[in-house]
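Taking it in order: structure first as structure tokens, then the write-up.
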Amino acid sequence: MSFRITPLTDPARGAHSRRLAWLASDAEDTPVGTAFLRLFDGGQAHLAELTLHIHPVERRRGVGSRLLDTAVVAARDNTRRRVVAEAGAGSPGDHFLSARGFRRVLTLRYSRLPLADVDIAALAEIIERPHTGYRLASWQGTVPDVLAQTFADSRRAMDDMPMEDTDHGTTTWDVDRVRAAAKAVEQRGDHLHTVVAIDTSNGSIAGFTELVVPGGGTGDAQHYGTGVLPEHRGHGLGLWMKAESIRRAHGHHPDLDGLLTDTADSNTHMRHISDSLGYLPTHTTLRYQLDL
């Protein structure tokens, strides 16, 4: 099969990453596949994240291999040491990546909470349970100025989350970065809801959970992350914050269908929290890594 690879320009460069893109076309200029390679900065400057799509009828004709080769060359040219990609367990992408030198490094379990099935009384019982030395706070959109610095500091709660064999690196957060992340959600028309646990002894944030709701308030919302700082673990803050996040979503967005979450298979603590709140398994994806 004759086809060509055309580099594209990404119109939306991120504040802390940039993306390379390629389009594969056949002899009649019909698009048959795309590849995107995200290049991170800071503590993840060794990493490139690949997203590869091939039209189902064009698979097994060499298009994916050509796009992959192009992306790998670009990763090397940009001094990356690792390329990561995800695929559904048992999918064509799963078989493609494993056959081309990628090794499986992480299993992600996805689950969903149907909001119509939520027991509000049970949630209230969890939320109203005393957590001595802590209180809950929440906001929509960008973090309030008074909490901006402590919220940025609290992001290190995610640094040691279970990532199995993934060379994930670390993301350095400051006030500008947390504001930019919230702005990105706003610009695409969605709503970012954040619930935090605050240490009442000094007003600092001990943990957080984030939920992104579609702009129209319908369909499924997506959990973006839940983390508790190491020095505050063991007090049930993760369950407490997530229960409050569910209650707020249920109350503020009555047309929302459900909440989606993904958790590393090895993160048994967070999986237990989701299970106890009624989240039901939906599917599994696999993260692969290619060492350059």
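N267 contributes no side-chain N or O that, together with a main-chain N or O of T263, makes up a donor-acceptor pair within less than 3.5 Å. Not one N or O on the side chain of S245 forms a donor-acceptor pair closer than 3.5 Å with the backbone of V195. Here the side chain of D255 pairs no donor or acceptor atom with the backbone of G217 at under 3.5 angstrom. Side-chain atoms of H53 do not come within 3.5 Å of backbone N or O of T34 as any donor-acceptor pair.
Not less than 6.0 angstrom separates the ring centroid of H193 from the ring centroid of Y224.
In this structure, E28 places its CD atom where only 12 or fewer heavy-atom neighbours from other residues, nucleotides or ligands lie under 6.0 Å away. More than 12 heavy atoms of other residues, nucleotides or ligands shown are found within 6.0 angstrom of CD on Q140. The number of heavy atoms from other shown groups lying within 6.0 Å of CZ (R188) is above 12.
Hydrophobic clustering, with ILVMFWY side chains joined whenever heavy atoms are under 4.5 angstrom apart, keeps M270 apart from L106. Note on Y279: it clusters hydrophobically with I273, by side-chain heavy-atom contacts below 4.5 Å among ILVMFWY residues. A chain of hydrophobic side-chain contacts below 4.5 Å, direct or via other Ile, Leu, Val, Met, Phe, Trp or Tyr residues, connects V228 to I127. Both F96 and V72 sit in one connected hydrophobic cluster of ILVMFWY residues. Membership requires side-chain heavy atoms under 4.5 Å apart, directly or through other members. In this structure, L237 is not a member of the same hydrophobic cluster as L147, with clusters built from ILVMFWY side-chain heavy atoms closer than 4.5 Å.
Between R4 and D26 there is no salt bridge, since no side-chain nitrogen of the basic residue lies less than 4.0 Å from a carboxylate oxygen of the acidic one. E244 has no carboxylate O lying under 4.0 Å from a charged side-chain N of R129, or vice versa, which leaves the two without a salt bridge.
Between Q149 and V175 the shortest heavy-atom distance is OE1-CG2, 3.5 Å. Between A221 and L256, the shortest heavy-atom distance links the atoms CB-CD2, 3.9 Å. For the pair F102 and V83, the tightest heavy-atom approach, listed with the atom from each and the gap, is CE2-O, 3.6 Å. Pairing each heavy atom of G227 with each of A157, the nearest pair is C-CB, 3.7 Å. In this structure, A24 and I5 approach most closely via the heavy-atom pair CB-CD1, 3.7 Å. Contact between L277 and L113 at its shortest, heavy atoms only, is O-CD1, 3.4 Å.
If you check the side chains of T142 and R179, you find no donor sitting under 3.5 Å from an acceptor. Side chains of R104 and S98: a donor-acceptor N/O pair is absent below 3.5 angstrom, by distance only.
Between D262 and Q222, the closest side-chain pair of non-hydrogen atoms falls below 4.5 Å. Taking 4.5 Å as the limit, every side-chain heavy atom of S25 sits out of range of all side-chain heavy atoms of V32. Here the side chains of F36 and L8 are not in contact, with every heavy-atom distance at 4.5 Å or above. Residues P230 and R156 form a side-chain contact, since some pair of their non-hydrogen atoms from C-beta on lies under 4.5 Å apart. With contacts defined as side-chain heavy-atom distances shorter than 4.5 Å, the pair L259/H223 qualifies. A 4.5 Å side-chain heavy-atom check between T284 and Y110 finds every atom pair outside the cut-off. Within the 4.5 Å cutoff, side-chain heavy atoms of M241 are placed close to those of L136. A 4.5 Å side-chain heavy-atom check between S138 and V196 finds every atom pair outside the cut-off.
Ring geometry for H131 versus W240: interplanar angle under 30°, hence parallel rather than tilted (30 to 60°). The aromatic rings of Y134 and H232 sit perpendicular to each other, their planes meeting at more than 60°, with 30° as the lower class boundary.
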### K242/E210 under salt bridge (Lys or Arg N to Asp or Glu O under 4.0 Å): CA gap, chis, key distance, verdict
CA-CA 9 Å; K242 204 156 187 178; E210 294 176 308; over 6 Å; no
### Task
Carefully, step by step, assess I120 and H250 under the rule side-chain contact (heavy atoms from CB on, under 4.5 Å).
CA-CA 9 Å; I120 296 300; H250 187 276; 3.6 Å; yes
### Task
Using the side-chain contact (heavy atoms from CB on, under 4.5 Å) rule, take T194 and L211 through it: C-alpha gap first, then chi angles, then the decisive distance, then the call.
CA-CA 6 Å; T194 306; L211 180 73; over 6 Å; no
### Task
Walk me through it: do W173 and T171 pass the test side-chain contact (heavy atoms from CB on, under 4.5 Å)?
CA-CA 6 Å; W173 291 88; T171 302; 3.4 Å; yes
#### Entry: L52/L97 under side-chain contact (heavy atoms from CB on, under 4.5 Å): CA gap, chis, key distance, verdict
CA-CA 10 Å; L52 188 64; L97 293 169; 5.9 Å; no
### Query
Where do D41 and R18 land on the salt bridge (Lys or Arg N to Asp or Glu O under 4.0 Å) test, with the steps shown first?
CA-CA 9 Å; D41 65 7; R18 59 190 177 93; over 6 Å; no
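Atom-to-atom distance recorded for S91:OG and L286:CG is 7.5 Å, nearest 0.5 angstrom. One distance of note links OG1 of T150 with CG of N202; it measures 7.5 Å at 0.5 Å rounding. L50 contributes atom CG, which lies 6.5 Å from atom CG of L68 (distance to the nearest 0.5 angstrom). With rounding to the nearest 0.5 Å, the separation of NE2 in H272 from NE2 in H269 is 8.0 Å. Residue L229 holds its CG atom at 7.5 Å from CZ of R233, rounded to the nearest 0.5 Å. Note that CG of L67 is 5.0 Å distant from CD1 of I54, once rounded to the nearest 0.5 Å.
Counting only residues at least two apart or on different chains, the salt bridge (Lys or Arg N to Asp or Glu O under 4.0 Å) pairs with a member in residues 70-93 are R82-D167, R82-D291, E86-R287. For residues 112-122, the side-chain hydrogen bond (donor to acceptor under 3.5 Å, both in side chains) pairs, not counting sequence neighbours, are R112-D220.
Judged by a 6.0 Å distance limit and a 45° cone about the ring axis, R155 is positioned over the six-membered ring of F208.
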